Amino acid sequence: MGFQTLGKILTANLRQNFLPHLLAAVFVMTAMTMLMGISALNEVQSARSLEMIMPLAGVILMTPVFHPEQDENIRDVVRSKRTSYLAVCVLRVIYSVFFLGMLCGGFVCVMGLCESAVTVRHFVGGFASGLFLGTVGFFFAGLGRSVIVGYMASLIYYIANYAFGRGIVFDLFSMTTAADFYDVHIIAIKYLLIAAAVLMIVLCFVIMRD
C-alpha cells in the first residue's frame with residue numbers, strides 16, 4: 001500500500017465513516033459530563049467520571065470498524081480490490097484508538113481546568129477502560145459480522161461490571177472502588193486491560209483472515 005493510496009483511504013474513511021461516530025462520542029461525553037459534573041472533584045470522584053464516560057466513548061469509536069462492509073455483497077466487492085480489506089480495518093483501528101486517546105486526554109485537561117484533581121494515572125485509567133470495552137465491541141462485531149452484536153456485548157459487559165463485577169480481573173471501574181487510589185495493583189489492572197484489548201484485536205484479525 002503506497003503513501004498516496006494510504007492517504008486516500010485514510011481521508012475517505014475519516015470523512016465518510018468515522019466522523020459521525022466521533023461526533024457521537026463527543027456528544028455522549030458532553031451529555032454525561034453535564035449530568036455528572038466535573039468541577040472541583042477529588043481524585044476518586046475524577047476517576048469515577050472517567051471510568052463511567054470513557055468506556056462508552058470507546059464503544060462508539062471502535063465497535064463500528066467493520067460497519068461499512070457489514071452487508072455481505074459490499075464486503076465481497078471490497079475484498080476483490082487490490083488493497084487488503086483487513087489492512088483497511090487495521091488502519092481504522094489505529095485511528096480509532098488514536099482519537100480515543102485524544103478524547104481522553106482532552107477530557108482530563110478540561111477536568112484539570114475545572115479544578116478537579118487529575119493526574120497521568122487518571123488518563124491511563126480512563127483510556128484503558130475505554131480501549132478495553134471498545135475492543136469488546138469490536139471483537140464481537142467482527143466475529144458476529146454484526147455491529148449490533150458488538151454494541152450489545154459491550155453494553156452488557158458495562159452494565160454487568162458496574163452492577164455485579166466490581167473487583168474482577170478486567171474491572172472497568174477499579175480506580176473508583178479502590179480502597180487506596182494509589183495502590184500499585186490498580187494501575188496494574190489498567191495495563192492488563194490494555195494488554196487484553198491488544199490481544200483481542202490481534203485475535204480478531206487472525207480469525208477473520210482464515
Side-chain angles (χ1 to χ4, degrees), residues 22 25 28-29 32 36 38 41-63 65 89-112 116-143 150-151 153-207:
L22 179 60
V28 169
M29 291 177 66
M32 291 193 67
M36 299 177 63
I38 58 171
L41 304 179
N42 62 31
E43 291 162 328
V44 175
Q45 291 170 333
S46 296
R48 180 176 182 273
S49 294
L50 281 160
E51 289 183 328
M52 291 291 293
I53 294 173
M54 292 313 304
L56 299 180
V59 171
I60 295 171
L61 294 183
M62 297 195 64
T63 303
V65 165
C89 291
V90 169
L91 181 63
R92 291 174 184 163
V93 169
I94 292 172
Y95 65 63
S96 296
V97 173
F98 172 78
F99 279 101
L100 177 62
M102 292 293 289
L103 287 181
C104 187
F107 190 58
V108 170
C109 288
V110 171
M111 293 180 73
S116 291
V118 287
T119 64
V120 174
R121 178 179 289 246
H122 285 88
F123 169 78
V124 173
F127 174 75
S129 292
L131 179 64
F132 178 80
L133 194 65
T135 304
V136 169
F138 159 84
F139 183 82
F140 282 95
L143 269 59
Y151 282 129
S154 54
L155 292 179
I156 288 173
Y157 189 98
Y158 181 89
I159 295 170
N161 188 181
Y162 184 79
F164 311 110
R166 303 300 180 90
I168 63 175
V169 176
F170 299 110
D171 188 359
L172 300 173
F173 310 101
S174 57
M175 290 194 303
T176 303
T177 57
D180 179 6
F181 178 79
Y182 288 101
D183 187 344
V184 68
H185 293 95
I186 302 305
I187 200 67
I189 291 174
K190 295 302 183 180
Y191 285 125
L192 183 61
L193 289 178
I194 294 174
V198 173
L199 181 60
M200 280 192 287
I201 291 171
V202 173
L203 184 59
C204 183
F205 281 125
V206 168
I207 294 173

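Small disclaimer: the values here were computed from a predicted structure and weren't measured.
Annotation: the span from L133 atom CG to I60 atom CD1 amounts to 10.5 Å, rounded to 0.5 Å. Interatomic distance, NE2 of H122 versus SG of C104, reported as 10.5 Å (0.5 Å rounding). A distance of 10.0 Å separates OG of S174 from CG of D183, quoted to the nearest 0.5 Å. Atom CG of residue L50 and atom OG of residue S116 lie 9.5 Å apart, to the nearest 0.5 angstrom. In this structure, CZ on F138 lies 9.0 Å from OG on S96, to the nearest 0.5 angstrom. To the nearest 0.5 Å, the span separating CE on M36 from CD on Q45 amounts to 10.0 Å.
For F132 and Y157, the gap between ring centers is short of 6.0 Å. For Y158 and F173, the distance between ring centers is under 6.0 angstrom.
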### Message
Test side chain to side chain contact (heavy atoms under 4.5 Å, CB included) on D171 and T177; report intermediate values, then the result.
### Response
CA-CA 10 Å; D171 188 359; T177 57; 4.1 Å; yes
### Task
Any chance you could lay out the side chain to side chain contact (heavy atoms under 4.5 Å, CB included) test for V97 and M62, step after step, and finish with the verdict?
CA-CA 8 Å; V97 173; M62 297 195 64; 4.0 Å; yes
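Looking at S129, its side chain never comes within 3.5 Å of a backbone N or O of G126 through a donor-acceptor pair. Side-chain N or O atoms of S154 include none that pairs as donor or acceptor with a backbone N or O of G134 at under 3.5 Å. At distances below 3.5 Å, not a single donor-acceptor pair connects side-chain atoms of E51 with backbone N or O atoms of G125.
A 4.5 Å side-chain heavy-atom check between L155 and L56 finds at least one atom pair inside the cut-off. F127 is not listed as a side-chain neighbour of M54, based on a closest heavy-atom distance of 4.5 Å or more. Here the side chains of M175 and K190 are in contact, with some heavy-atom distance below 4.5 Å. The shortest distance between side-chain heavy atoms of I189 and V169 does not fall below 4.5 Å. The side-chain heavy atoms of F123 and V118, taken from C-beta on, include no pair separated by under 4.5 Å.
Within a 6.0 Å radius of CZ in F140, no more than 12 heavy atoms belonging to other residues, nucleotides or ligands are found. The 12-atom threshold is not exceeded at CE of M102, counting heavy atoms of other residues, nucleotides or ligands nearer than 6.0 Å. Within 6.0 Å of OH in Y162 there are 12 or fewer heavy atoms belonging to other residues, nucleotides or ligands.
Taking both residues in full, the closest heavy atoms of L22 and L103 are given as CD1-CD1, 4.1 Å, listed atom of the first, atom of the second, then distance. Considering every non-hydrogen atom in both V59 and T63, the closest pair reads O-OG1, 2.8 Å. Annotation for F205 and C89: closest pair CE2-CB, 3.6 Å, computed over non-hydrogen atoms. Contact record, S46 with A117: OG-O, 3.1 Å, taken as the closest heavy-atom pair. Between L172 and N161, the shortest heavy-atom distance links the atoms N-OD1, 2.8 Å. Nearest heavy-atom pair across L131 and L100 is N-CD2, 3.5 Å.
With respect to R48 and E43, no salt bridge is recorded, no charged nitrogen being found less than 4.0 Å from a carboxylate O.
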